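These numbers were taken from a predicted model, which means no experiment stands behind them. Only this structure's heavy atoms are used, side chains among them; waters, hydrogens and symmetry mates stay out. Note on naming: letters A, B, ... go to the chains in the order of the sequence lines (proteins, then strands), and numbering restarts at 1 for each one.
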Amino acid sequence: MTNKTTQVVTRFAPSPTGYLHIGGARTALFNWLYARHTGGKFLIRIEDTDRERSTPAAVDAIFEGLDWLGLKGDGDVVFQHSREQAHKDAVAELVAKGRAYACFMTVEETDAAREEARAAGHALRSPWRDRTPTTEQLQQPHVIRFKGPLDEPLVIDDAVQGEVRFNTKDLDDLVLLRSDGTPTYNLAVVVDDHDMGITHIIRGDDHLNNAARQSLIYMALGWDVPKFAHIPLIHGPDGAKLSKRHGAQAVGDYAEMGYLPEAMRNYLARLGWSHGDDEIFSDEQAIAWFEIADINRAPSRLDFAKLGSVNAHWIRACDPDRLLGLVTDALRHRGQAHVGADATQDVLRRTLPLVKERAQTLVQLADLVQFALIERPFGLDEKTLALMTEETVGRLKRLHEQLAAWSDWSTEGTDVALKKFLENEGVGMGKVGPVLRGILSGGHPAPDISKIFASLGQAETLARLDTAVFL
RNA sequence: GUCCCCAUCGUCUAGAGGCCUAGGACACCUCCCUUUCACGGAGGCGACCGGGGUUCGAAUCCCCGUGGGGACGCCA
């Protein structure tokens, strides 16, 4: 735990140009975990300084993703766009301090100068860096650039990556205000993080270079540089950067595939962070254990097999009523609109506990429950039909008789009934099992036969037997 | 091309100089359980990228190489 005098404040700052990416989700999770761990605050800021690419739909999508994941911000959401004036004020201050300047290069000139600078072994330097423009010149279109040190060592003390050494000769004088007067990302981030009191910036590795530039701005403004923690990116199963061809990228995709948010949190937290050999842990445990020092430095790959096994655990641990609701939703989602009916809900309530240990996702669970939901009369598959010899039919009729008189329809009870029947018949389960399964399940995947009995209930079991045997 | 980061089983990882003949999880294989498919149980396969140092001793520290990744915008 950190000391009480300076409360930890973390933030998640996505740019609303699309859905909430799985990598972004983990970044958000780490920020959230660290804030919870330290008793600090977790804030959300929408980085919409690029008005062209930012859309309200994307903002909604991001919040939908965060809500589903259960990651709520502690304060009001900050929209970066709304803080334009603060950004401009900071730039004015930098100009006044001689730490920023007007640059009149055109885009073409800038490109050429950049080429030239690279060839010379350093970053872009504007010829306007040391000129004082006249009042007339200032009427012309221009950008405001940061005036960084030309050739000095710069060390970023990163909580994950350690001491990262740069030289300012490789850092160009980045644009603070565009020629239309709007602030750029690198400037806005610094001003907002400072004003929001962010103490720890936990974000993707791809920002490590920005950290160098940003820290220069902090220092120029005379502000404390927050603690940086750059976490490695998540890669696809093939080790390449996560992209469309890897399939699911949006957290919404994972919801749709039937993963539980708590499973997602568990899996994502374990991806790139560890607490010894612990694999399955609750939110409370993750919060208690989460230290930035335990975040790994190497990028990690997404592994659906492992995600599935973690999800299977949380499906089993899921509260029955909640699971019923989730499966009902999944069934509706696939077009089974009638599943909300009381009778169907009863069937599901009985069936779910009997099959839930077989599923890795809610979608699989929805499949596993189909055998109980199909409506009579349904045909028998060929395999089952082939088993319906005269001898078997006679046997099934006797079974029907015995079951009709049996009262205990718990799984254990029907198991006893079945065993007794087999004993009386003097045959093994192999003689009856396959055909009975076919008749009762309609060819759908189904659990043990006694569990099928318990799931269907006496009336439905007898009815299904009836239609098969007497057709 | 320049700058930066990274490197333990197929994957996620444990490991902070001797506890390591390198541990766990997922995946995979075998067997058991069994009416199907699963679940479960018992085993098994399987890694310190390479080369130099430092040290009595290195997966752990240093250097070089190689291989991955990221960044080089008036995008964020």
Side-chain angles (χ1 to χ4, degrees), chain A residues 13-17 47-50 52-54 80 103 105-107 110-111 114 117-119 121-124 141-145 156 158 160-162 164-167 169-172 174-186 188-189 204-213 230 232-233 235 237 239-241 267 270-280 293-294 296-310 312 316 355-360 364 368 383 418 422 428-438 441 444-450 452:
Chain A
S15 60
T17 53
E47 313 232 303
D48 53 354
T49 50
D50 185 343
E52 301 281 304
R53 297 201 303 157
S54 304
Q80 196 157 57
C103 171
M105 282 197 289
T106 62
V107 174
T110 307
D111 289 344
R114 185 171 287 118
R118 277 186 196 172
H122 60 255
L124 169 72
H142 63 277
V143 300
I144 303 293
R145 284 182 185 278
I156 301 298
D158 193 275
V160 173
Q161 307 293 345
V164 184
R165 287 158 206 290
F166 295 91
N167 188 296
K169 78 174 162 57
D170 301 313
L171 273 21
D172 63 12
L174 47 86
V175 171
L176 268 19
L177 289 185
R178 304 184 181 98
S179 52
D180 66 0
T182 58
T184 59
Y185 163 78
N186 273 302
V189 168
D205 223 349
D206 49 339
H207 285 288
L208 189 51
N209 289 283
N210 284 330
R213 302 147 165 274
H230 288 91
L233 269 18
H235 290 167
K241 191 178 178 180
Y267 175 74
R270 192 66 180 73
L271 196 61
W273 170 82
S274 62
H275 180 264
D277 285 334
D278 293 303
E279 300 284 347
I280 299 290
D294 295 321
N296 269 283
R297 294 208 284 240
S300 42
R301 306 180 185 195
L302 222 43
D303 180 4
F304 281 89
K306 181 120 179 186
L307 208 209
S309 106
V310 172
R316 293 177 198 197
V355 298
K356 69 175 181 183
E357 70 183 24
R358 308 156 71 89
Q360 286 205 323
Q364 286 174 13
L368 290 170
K383 238 168 102 186
L418 199 54
L422 292 172
M429 187 56 138
K431 276 282 185 208
V432 189
V435 69
L436 201 46
R437 167 178 303 285
S441 70
H444 288 88
D448 302 340
I449 289 183
S450 54
I452 298 179

Out of B:A76, B:G70, B:G24, which has the shortest distance to the side chain of A:Gln80?
B:A76
Answer yes or no: is there a donor N or O on one side and an acceptor on the other, between the side chain of A:Tyr185 and the main chain of A:Glu47, under 3.5 Å?
no
Suppose we call a contact any N or O donor and acceptor under 3.5 Å apart; does that hold for the side chain of A:Asn210 and the base of B:A76?
yes
Give A:Ala446 one of three labels, base, sugar-phosphate or nothing, depending on what nucleic acid heavy atoms sit under 4.0 Å from its own.
base
From the set B:A76, B:C39, B:C12, return the single nucleotide nearest to any side-chain atom of A:Glu279.
B:C12
Determine, for A:Asp278 against A:Arg270, whether the closest basic-nitrogen to carboxylate-oxygen distance falls under 4.0 angstrom.
no
Short side-chain N/O contact from A:Arg270 to OP1 or OP2 of B:A25, under 4.0 Å:
no
Which nucleotide sits closest to the side chain of A:Glu357: B:C3, B:C74, B:C39?
B:C39
Whole angstrom is fine here: how far is it from CD in A:Gln364 over to C1' in B:C39?
13 Å
Using side-chain heavy atoms (C-beta onward) and a distance below 4.5 Å, is A:Leu436 in contact with A:Leu418?
yes
Send over the distance from A:Met429 CE to B:U34 P, rounded to a whole Å.
11 Å
Sugar-phosphate only, base, or nothing, as touched by A:Thr49 at under 4.0 Å among non-hydrogen atoms
sugar-phosphate
Look only at the side chain of A:Arg301 and the backbone of A:His235, and say whether a donor-acceptor pair between them is shorter than 3.5 Å.
no
Does the side chain of A:Gln360 reach to within under 4.5 Å of the side chain of A:Ser309, using non-hydrogen atoms?
yes
Can a side chain N or O of A:Arg114 be found less than 4.0 Å away from OP1 or OP2 on B:C72?
no
Remember a base hit wins even if backbone is also touched, and classify A:Arg213 as base, sugar-phosphate or nothing at under 4.0 Å, heavy atoms.
nothing
How long is the span from the CG atom in A:Asn209 to the CG atom in A:Asn186, to the nearest 0.5 Å?
10.5 Å
Protein-nucleic acid N or O pairs under 3.5 Å, nucleotides 5-11 of chain B:
from : atom 1 : to       : atom 2 : distance (Å)
B:C5 : O3'    : A:Gln161 : OE1    : 3.3
B:C5 : O2'    : A:Gln161 : OE1    : 3.0
B:C6 : OP1    : A:Arg297 : NE     : 3.3

Nearest heavy atom decides the nucleotide; on that basis, is A:Leu307 or A:Tyr185 closer to the 5' end of RNA chain B?
A:Leu307
Mind calculating the distance between NE2 (A:His235) and P (B:C12) to the nearest angstrom?
10 Å
Could you work out which one of B:U36, B:G70, B:C39 sits closest to the side chain of A:Arg437?
B:U36
Would you say the side-chain atoms of A:Thr184 pair up with the backbone N or O of A:Val175, donor to acceptor, closer than 3.5 Å?
yes
Any heavy-atom pair between the side chains of A:Thr182 and A:Thr49 that's under 4.5 Å?
no
Where the side chain of A:Asn186 is concerned, which of B:A14, B:G70, B:A76 is the nearest nucleotide?
B:A76
As a test of reading the structure: which of B:A76, B:G40, B:G70 is closest to the side chain of A:Leu233, going by heavy atoms?
B:G70
So, OP1 or OP2 of B:A14: does either fall under 4.0 Å of a side-chain N or O from A:Ser274?
yes
Quick one: what's the B/S/- string for nucleotides 42-49 of chain B, heavy-atom cutoff under 4.0 Å, read 5' to 3'?
--------
A:Ile452 CD1 to B:A38 P: how many Å, rounded?
16 Å
Describe the nucleic acid contact of A:His207 in one word from base, sugar-phosphate, nothing, applying a heavy-atom distance below 4.0 Å.
base
Need one value for A:Asp48: base, sugar-phosphate or nothing, where a base atom within 4.0 Å counts as base even if backbone is also close, heavy atoms only.
nothing
Specify the separation, in whole Å, of atom CG of A:Asn167 and atom C1' of B:U2.
13 Å
Answer yes or no: is there a side-chain heavy-atom contact under 4.5 Å between A:Leu177 and A:Arg145?
no
Looking across every strand, which nucleic acid part, if any, lies under 4.0 Å from A:Gly428 by heavy atom: base, sugar-phosphate, or nothing?
nothing
Taking it one step at a time, do A:His230 and A:Asp205 satisfy side-chain hydrogen bond (donor to acceptor under 3.5 Å, both in side chains)?
CA-CA 5 Å; A:His230 288 91; A:Asp205 223 349; over 6 Å; no
For A:Leu271, report the nucleic acid contact type (base, sugar-phosphate, nothing); a contact means any heavy atom under 4.0 Å.
sugar-phosphate
Looking at A:Asn167 and A:Lys169, would you say the former's side chain and the latter's main chain have a donor-acceptor pair under 3.5 Å?
yes
Write down the distance between NZ (A:Lys169) and P (B:C3), rounded to a whole number of angstrom.
6 Å
